[in-house]
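Proteins get letters first, then strands, A, B, ... in listed order; numbering begins at 1 in each. All figures in this text were calculated on a predicted structure; none of them were measured in a lab. Side chains included, hydrogens not; waters and symmetry mates left out as well; all remaining heavy atoms used.
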Amino acid sequence: MMGEQTANYVVLEFLSLPANVGVARVAVASFAAQLEFTWGELEEIKVAISEAVTNAVVHAYRNGPGPVRVRAEFRDQALRVEVEDKGVGIPDIQRARQASFTTEPERMGLGFTFMESFMDAVEVESAAGAGTKIRMTKLPARKAG
Amino acid sequence: MPIGGLEVESEYADGVLVLRLAGELDVSTVEEFRRRAEESISMTRPRAVLLSCRRLSFLDSSGLGVILGRFRRLQERGVRMVTAGATGRVKTVLELSGVGELIPLYDSERKAIDALQEVG
């Protein structure tokens, strides 16, 4: 499982409950602090993780909470994070990634916009009934030069 | 305060309701904010609401949604809403979202109150 260039990783699994969103973002930011991220970059990571995990908490499971798995790793001096659920999936990923697209009142539909603004790369894999996996990568700016 | 906790303090003077947020506004605390804001607004019937974010350490799109929701409801009743004191990524999130174009952002509560008094 562990690739040659994986220097370290953590895995966190929890139920898709709102109270766990803060736990996940603080855990990933604490892990990321081992790389040369600035305080501001760690704050950006927290927002991106919060958006990805909130997506699972709000949208993934229709009949009560289900499992969410977050894996964070260092590879090639970058932070890579996967947020995965086994829920209903996103029927139209392109549409979900558009700013201000939302299926809920009082939600802004900016989750993917913040993930894309605060991370270097964001990939989404989703299949109806099989769940969603969001992969994000961020390199410390001082490393990116 | 637990991770993700939020405290909301309210103060009313001269028609302005100040809601001071301390902690984190995300999906786990939006209901607390919505309830406290609605209670204070219906009790004081202000002509303006100032959301003070100086001690708000975290804001994401769930938090923005509930702020925008309160703004829309107040706007329907002709009540103004401004924010003050946001720093760091809280300020970035407000600006990136475009919410700053709808809800004016001031550096401090004092500046926000002065601006609200000028308009009257």
Interface moiety of B/Ser57 toward chain A, non-hydrogen atoms closer than 4.5 Å =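 Just its backbone gets close to chain A.
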query = When you look at B/Val93 and A/Phe114, which way does the side chain to side chain contact (heavy atoms under 4.5 Å, CB included) test go after all the steps?
reply = CA-CA 8 Å; B/Val93 162; A/Phe114 287 141; 3.7 Å; yes
Are [Y] and [X] connected into the same hydrophobic cluster when the rule is that any two of I, L, V, M, F, W, Y join if their side-chain heavy atoms are below 4.5 Å apart?
{"X": "A/Leu12", "Y": "A/Leu42", "value": "yes"}
{"X": "B/Met43", "Y": "B/Leu19", "value": "no"}
{"X": "A/Leu15", "Y": "A/Val21", "value": "no"}

A/Val26 and B/Phe58, any side-chain heavy atoms less than 4.5 Å apart = no
query = Quick one: are B/Asp26 and A/Arg25 in side-chain contact, heavy atoms under 4.5 Å?
reply =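 SC-SC contact between B/Asp26 and A/Arg25 confirmed.
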Where [X] and [Y] come nearest, the two heavy atoms and their spacing:
{"X": "A/Pro18", "Y": "B/Ser28", "answer": "O-CB, 3.4 Å"}
{"X": "A/Glu41", "Y": "B/Arg89", "answer": "N-NH2, 4.3 Å"}
{"X": "A/Val47", "Y": "B/Leu59", "answer": "CG2-O, 4.1 Å"}

message = How long is the straight-line distance from CG of B/Leu64 back to CG of A/Leu110, given to the nearest 0.5 Å?
response =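 Here the interatomic distance stands at 7.0 Å.
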Other residues, nucleotides and ligands only: do more than 12 of their heavy atoms fall within 6.0 Å of [atom1] on [X]?
{"X": "B/Lys91", "atom1": "NZ", "result": "no"}
{"X": "B/Arg35", "atom1": "CZ", "result": "yes"}
{"X": "B/Arg54", "atom1": "CZ", "result": "no"}

task = Please confirm whether the backbone N or O of B/Asp60 pairs with a side-chain atom of A/Glu51, one donor and one acceptor, at under 3.5 Å?
result =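 Checked: no pair found.
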Verdict with supporting geometry, A/Val58 and B/Val27, side chain to side chain contact (heavy atoms under 4.5 Å, CB included) = CA-CA 9 Å; A/Val58 174; B/Val27 70; 4.0 Å; yes
